[in-house]
Amino acid sequence: MSTSSPYIGRFAPSPTGPLHFGSLVAALASFLDAKAHRGQWLVRMEDLDPAREPEGAADDILTALEQLGLEWDGAVLYQSQRLEQYAHTLQLLEEKGLIYPCACSRAQIKEMGGIYDNRCRNGAKTHGPYAKRMKVTAQTIAFTDRVQGPQSQNLIQECGDFVLVRKDGLFAYQLAVVADDAFQGITDIVRGIDLLDSTARQIYMQEQLGFSRPQYAHIPVAVNELGQKLSKQHFAKALTLSRPQELLYAAMQFLGLTPEPDLLKGSVADTLQWGVEHWDIQKVPKLANIQLDKQFL
Ligand code: GLU
């Protein structure tokens, strides 16, 4: 456990739909871990892709968090209001010669075997729209995940130069997340295991930008009976918030806790208090995914 700086954690939903059980688990795990460390828990709305964000989704997520008693510290940070800062971060990388244009299509990348082969590094033919990629090096990035244990990724072999500005001109998640985690002073990231694979890229960017490295913990994701991650695409059900204790109770069980049935008769504040007192990240199952009970699907 790091004791050098006070704990600052965050929940960073993309408002592509209402809060579902999968995002509740990520919110609750990051909240409990922050509060068990007497830390702050921030909420950041990752609203960088308007075409995927139904009107009102961000507000619906915040209302759901409030109903669940998950009170955040400070003001919500909206990525849509941070575009100048992302442009500045990109410029710092450009000045280091790490960014180049690439107009390759998805089909071309598929032909490369799914991993971009860095072919545009030395001058791309850029007629029409192009993305901007960041050069990676042959180094292996290693870190110890607090749930999943030791991890390593060789960026050249396993990832390739990656996109920071998409062809449609939008800033990519990787750029915004690294800029914002540094800007908000995040010390600890607790999120779904679907982002484990992005972590080496984010650490690499932090190193290039001189940002400090947070600790990472990746928790299992909730899947349906077909093994699909709960998401809008798979028609995850919006949570029924009339009985929020039941949702917190089920989410705690998902995270390896064994809440007392009496909690169901109490308030969300009691349930969360119990969760903070009993939180132990080592109890979180070291699995990639957990199939959910039908009632939440
Ligand atoms: N916005 C991302 C998502 O909802 C999470 C980003 C993160 O936690 O780093 O999947």
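When a ligand or atom number is given, it counts from 1 through the structure's own listing order.
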query: Angle class for the Phe11/Trp41 ring planes (parallel below 30°, perpendicular above 60°, tilted otherwise)?
result: parallel

query: Cation over ring, Arg133 on Tyr116, under 6.0 Å and within 45°?
result: yes

message: When you measure from the centre of the six-membered ring of Phe183, is the NZ or CZ of Arg82 closer than 6.0 Å and no more than 45° off the axis?
response: yes

query: Which pairs count as ring pair (Phe, Tyr, Trp, His ring centres under 6.0 Å) when at least one residue sits in residues 42-74, sequence neighbours excluded?
result: none

Identify the protein atoms, limited to N or O, that lie within less than 3.5 Å of an N or O atom of ligand 1, and list each pair with its distance to 0.1 Å.
unit_1, atom_1, unit_2, atom_2, d
ligand 1, 1 (N), Ala12, O, 2.7
ligand 1, 1 (N), Ser14, OG, 2.8
ligand 1, 1 (N), Glu46, OE1, 2.6
ligand 1, 4 (O), Ser14, N, 3.3
ligand 1, 4 (O), Ser14, OG, 3.3
ligand 1, 8 (O), Arg10, NH1, 2.6
ligand 1, 9 (O), Arg10, NH1, 3.4
ligand 1, 9 (O), Arg10, NH2, 2.9
ligand 1, 9 (O), Tyr173, OH, 2.7
ligand 1, 9 (O), Arg191, NH1, 2.8

- request: Look at the rings of Phe171 and Tyr86 and say which category their plane angle falls in: under 30° parallel, 30 to 60° tilted, over 60° perpendicular.
  value: perpendicular

message: Would the distance check show the side chain of Gln91 and the main-chain N or O of Ala87 forming a donor-acceptor pair, the cut-off being under 3.5 Å?
response: no

